[in-house]
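Below: one structure, written as C-alpha cells.
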Amino acid sequence: MRRRALGVLAALALLGGVTYALVPGDAGTGPAKTVTVTGLIGSEKRSFFENAEVKAELAKQGVEVRADSTGSWTMGEQARSSSGLDFAFPASTAPAHEIQRDWGLQDSPLVPFYSPLVVVAHAPVAQILKDSNLAARDDSTGVWTFRMDEYVRALKAGRKWQDLPGTGSHGELSGPIFVTTTDPESSSSGALYIALLSYVLNNNLVVSDDAGVEAVRPVLYQATALQGGQKSSSDEPFRDFLAGVGNPLIFGYESQVAAMAVQGQPTGDMVVMYPDTTAYSDHTIIARTENGRKLAGLLQNDEALRALEVRFGFRPQAAGGAFADRVRDVKQPVFAQDLNAARVKQATVPSLDNLTKLTKAAKGSPK
C-alpha cells in the first residue's frame, strides 16, 4: 500500500501538483502497524494536516496521511485522473458530490467540521459600512453582521466608497464597493460566494433552473468583473489583506481568522462580519477505501482531533459547543458563538449543475 501511495504522489508531482507529506515525526512512538492513507485536500486544510500534533494523534490511531493540496473545484478533475487514492476532502459538498459520483460511491460522505463564510475588514472600514447601513453590530454581543440586501443594492446601483460618509480621511477607500473572492471556477469559497449572491438576488430562494440563472447573471458578472484577476486559493487574498494590499473587503472562511485568534497570533483591528445570510463551508470527506473510511471516522469522532480542529478555526459537527468555548474569551475580533442566536441565516446551495452554470455566468461565459 505504501509503495502504491508513493507512486500516486510521484505521478501527481509530475503533473505540477505540490505534495505535502504528512508523516509522524517519530514512527517509533506510533503503533506497531500503521496504514498510509493517500488523498487530496483543500488548501485551507493544509496547515491542519501539516501540524505536528495532528500527525502525532493520527499516528496514535495507526494512521499516516499523505495528501496533495489543491483547489476544491479542481479536485474532481484530479481525483478522476489519479488512481489509488483513499480519500478526497474538499471544502464544500458540491465538489464532494461530484467526486462521489465519479467514484461510483453510494455511502453518504462525512462532514467532520464546517466553517461559515464571512466578510473580513479592518475596524474603520467596518464602522463606515455600519454608518451607511451596510453592516450592523450587536451591542450586547459585539458580533458584526454584513447586510446582504443592502450590499446587493449597492452593487446594482454601482455605489462607490466616496458615496459613503466618513471616507474623506481614508484615501485608500476609492472606486466601487465590492467584496474580493477567489475564482469561483477553481475555489470553493468563490463558488459559495456566487451561490450566496444568487440566493439573495433570487429573493432568498435557491436558483433552480436556467431562467433563474439568466435573471441573476448581470449582477453576478458585475460582482466578479469588478475584482479583476482572482486567486485560486483562499490563502492568497487573505495574505494580501493581512499585508494591507488590495481591496478592503474580502470573503473567506471564518476558520482563517479564528485559527489566528485561538492560536494567539496578532489580529490587529480585524473585524469578522457574518453576512446576515451566508453559506457554510461543509468540509466533506469522500472515503474511497477502508483506510479512507478510517481517517474520516477519526476526524469526526476522535476527541483529541476535534480539539485540534477547533484550534485551526473549524467548527466540529460532533462537538457543537467546542468552538464557542474556545472563542468565548477572544476580544478582537468577536466571533459568533451561536450562529442562530446571531440571526445568521444559511443560504441553500444550488445543485452542482446549476452552481456550475452560475459560476460560468459570473465569469462571463456564453449562455
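Computed from a prediction, not measured in an experiment: that's the story for all the values here. We count residues from 1, following the sequence as given.
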Phe146 and Tyr274 aromatic centres sub-6.0 Å: no
Thr267 and Gln332: side chain donor to acceptor below 3.5 Å: no
More than 12 heavy atoms of other groups within 6.0 Å of Arg343 CZ: no
Carboxylate-amine/guanidinium contact Asp235 Arg46, below 4.0 Å: yes
Gap between atom OG of Ser188 and atom CE of Met75 - 0.5 Å precision: 9.0 Å
Working for side-chain hydrogen bond (donor to acceptor under 3.5 Å, both in side chains), residues Ser92 and Ser281: CA-CA 5 Å; Ser92 59; Ser281 175; 6.0 Å; no
Phe113 backbone acceptor or donor facing Glu309 side chain under 3.5 Å: no
side-chain hydrogen bond (donor to acceptor under 3.5 Å, both in side chains) between Ser232 and Ser186, intermediate numbers included: CA-CA 6 Å; Ser232 61; Ser186 61; 4.9 Å; no
Donor + acceptor pair across side chains of Asp282, Thr284 (<3.5 Å): no
Distance-only polar pair, side chains of Gln227 and Asn247, donor-acceptor under 3.5 Å: no
Polar side-chain atom of Ser115 near backbone of Phe314 as donor-acceptor pair, under 3.5 Å: no
Check ion pair Arg288-Asp86 (N to O, under 4.0 angstrom): no
Check: Phe251 main-chain N/O paired with Thr181 side-chain donor or acceptor under 3.5 Å: no
Side chain to side chain donor-acceptor pair (under 3.5 Å) partners of Arg311, counting only residues at least two apart: Glu53
